[in-house]
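So the structure is just underneath, and the comments pick up after that.
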Amino acid sequence: MKTKYILIAFLTAVVAFSSCNKLLDIPRKAVIDNTTYYKTDEEVESAVVAMYLDVRGWYYNVMLVKHCLTDDYFSGGAAHGDNVDMDALGEFAFNSETGQIQSSFEGYYHLIYHANVILGNIDPNQSAVAARAVAEAHLFRGWAYFELITLWGNPPIVDHELDPSEYQQPNGSTEDLWKLVEDDLTFAVNSGDLARKSSLNDNTVWRVTLEYGQALLGKAYLWMAWALKDDSYYQKSADMLKKVIDSQLYDLWKDGPYGDMRHMAYALNCESLFESIRINDLDNQGDNFDFYSAMVGYRSSGSEMTIPESVAAGGWGFKVPTEDLLNAFISYEGPDSYRRKETIKTYDELKAMGVQWNMLTLSTGLYTWKGRYMPDEVGFMSMLNWKNPLWMRFSEVLLLAAEANFKAGHPELALPYVNRVRTRAQLPALNGLTMETIKMEKRLELCGEGVRFQDLLRWGDAAELLKEKGKVYPTMEPNGTVKYVSTGRSVYGFKVGKHEHLPYPFTETSLNKAIQQNPGY
């Protein structure tokens with residue numbers, strides 16, 4: 001009898017469990033099945049938007065890292081020690097746990113992942129939208145790897161969506177990495193599927209274009225000549241960049257003061273090769289949350305400065321131009337050159353505009369003018385901004401082409417490109433070129449735009465020009481008197497054999513045992 005009751009109870013439990021199990025057997029929500037998704041143009045575009053958002057998200061970390069590592073800027077802030085990561089970057093005391101290095105590295109691989117999703121799941125033959133998505137994915141992946149290679153050296157190659165068994169990826173070889181960049185960018189520019197402007201002044205094209213792909217490929221060839229020790233790439237670079245120049249779809253912007261070209265009012269102007277889009281949507285302000293505008297605004301959040309609205313927006317002061325940058329302008333262009341005044345302003349120049357200093361600041365008495373944020377471009381203590389991050393200007397294309405032609409043995413072709421930039425800068429034309437002239441033109445024209453550190457590495461100039469970085473920091477009294485104070489570091493500045501590459505983040509080397517850390521870290 002007892003056995004019968006036990007059997008009945010057991011069968012009842014089995015039936016109950018089976019019923020509950022059926023109730024739990026429901027489709028998963030909010031999860032994309034790549035085998036059935038991406039079949040409509042709308043679904044394809046959702047994958048593409050993820051890539052554009054990845055790139056826009058790079059700006060804060062990537063640009064601040066690149067500013068701090070050059071001889072053009074001190075990290076700044078309220079005082080020395082205000083931001084330990086940025087101080088470490090600016091003084092070459094960073095390591096594998098420096099947060100902005102980790103975030104930059106992760107940001108590049110986020111984009112690579114989203115590009116791989118498109119390349120692994122979307123058939124370019126299904127529609128014109130799908131074909132464009134595939135071309136854009138190749139372009140974005142090639143761009144991301146260009147940045148990874150030039151900053152980290154030999155990062156892992158991830159050219160498809162990884163299975164969990166593949167997560168342990170070793171460092172890629174230099175040859176294979178540059179081949180991936182070349183193959184991706186070549187595919188993009190040869191696809192016939194990238195967007196193009198309709199005319200020089202067409203400011204409606206927000207997507208990456210054929211000419212931007214050509215500019216990236218030309219830039220990559222210039223680096224490949226150095227990295228692969230193959231001078232034939234200089235001519236390839238020159239030829240590819242010439243296509244952008246000869247398209248006549250881009251030109252140097254001359255519709256206002258040079259220092260204003262990056263303002264919101266002039267978005268997507270004729271000089272812009274590519275910029276990420278921000279929209280001042282009052283109903284969705286959170287989409288424009290970005291510390292970058294606050295970080296680089298003039299130091300006023302602690303009432304250190306009083307700034308008229310006609311001058312610039314205030315902020316936290318983490319982009320302090322160096323006296324070395326000013327001296328480069330003065331020695332090359334004279335003390336009052338147009339380009340200098342439209343790039344950086346001095347204490348006396350801002351004082352004449354009504355700026356007041358109220359207390360000691362971490363400053364050289366120099367302030368960024370080109371690329372500054374204006375009050376109508378920011379909100380909520382400058383932590384919101386709706387100015388488009390600009391990634392490449394036509395002036396960079398001209399100067400890259402000048403270097404490529406000069407290195408390829410054609411200085412006569414390089415000279416007109418440099419003189420176009422100088423004419424807009426209100427400087428006299430040159431009669432001849434040296435490599436030092438090209439370097440200086442690029443430093444002054446593109447300072448603060450995230451290219452100099454990688455240039456210094458490629459040119460072999462970093463060790464000499466950055467050896468004193470981190471020895472001192474500047475302070476300025478309200479009357480403009482500047483003093484330099486020791487950082488207290490016993491080890492500082494660029495070290496040969498170490499700082500040619502950034503460290504792989506600690507999280508990466510902890511989780512990926514196949515990757516080998518760069519020397520010195």
Taking atom [atom1] of [X] as the centre, does the number of heavy atoms from other residues, nucleotides or ligands within less than 6.0 Å exceed 12?
X: Asn431; atom1: CG; result: no
X: Lys243; atom1: NZ; result: no
X: Phe289; atom1: CZ; result: yes
X: Lys439; atom1: NZ; result: yes
X: Glu166; atom1: CD; result: yes

Any salt bridge linking Glu275 with Lys387? Criterion: basic side-chain nitrogen under 4.0 Å from a carboxylate oxygen.
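Result for this pair is no, no salt bridge flagged.
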Run the salt-bridge test on Arg278 and Asp287 with the 4.0 Å N-O cut-off and return the result as yes or no.
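Here Arg278 does not pair with Asp287 in a salt bridge, since their nearest N and O are not under 4.0 Å apart.
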I'd like to know whether the aromatic ring centres of [X] and [Y] sit less than 6.0 Å apart in this structure.
X: Tyr52; Y: Trp206; result: yes
X: Phe105; Y: Tyr109; result: yes
X: Trp391; Y: Tyr59; result: yes

Is there a salt bridge (Lys or Arg N to Asp or Glu O under 4.0 Å) between Arg207 and Glu45? Walk through the geometry before answering.
CA-CA 12 Å; Arg207 310 185 81 102; Glu45 281 288 74; 3.1 Å; yes
Check the pair Glu403, Tyr417 against side chain to side chain donor-acceptor pair (under 3.5 Å), reporting the backbone distance first and the verdict last.
CA-CA 10 Å; Glu403 182 178 353; Tyr417 296 146; over 6 Å; no
Mutual orientation of the aromatic rings belonging to [X] and [Y] [parallel < 30°, tilted 30-60°, perpendicular > 60°]:
X: Trp143; Y: Phe140; answer: parallel
X: Phe92; Y: Phe494; answer: perpendicular
X: Tyr73; Y: His67; answer: tilted
X: Trp223; Y: Phe146; answer: perpendicular

Charged tip of Lys341 within 45° of Tyr258 ring normal and under 6.0 Å
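Cation-pi check for Lys341 and Tyr258: fails.
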Using 0.5 Å steps for rounding, measure from the CZ atom of Arg339 to the CG atom of Leu427.
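Here the interatomic distance stands at 5.5 Å.
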Inter-residue atom distance Trp226.CH2 - Arg458.CZ, 0.5 Å rounding:
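Result: 8.0 Å between the selected atoms.
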What closest approach, in Å, do [X] and [Y] show between heavy atoms, and which atom pair accounts for it?
X: Asn201; Y: Cys270; result: OD1-CB, 4.1 Å
X: Asn518; Y: Leu502; result: ND2-O, 2.7 Å
X: Ala133; Y: Met51; result: O-CE, 4.4 Å

Glu377 side-chain N/O to Met374 backbone N/O, donor-acceptor pair under 3.5 Å:
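Present.
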Would you check, one step at a time, whether the test side chain to side chain donor-acceptor pair (under 3.5 Å) holds for Glu441 with Tyr332?
CA-CA 9 Å; Glu441 286 288 344; Tyr332 189 68; 2.8 Å; yes
Evaluate Thr204 against Asp202 for side chain to side chain donor-acceptor pair (under 3.5 Å), listing each step before the verdict.
CA-CA 6 Å; Thr204 65; Asp202 179 2; 2.6 Å; yes
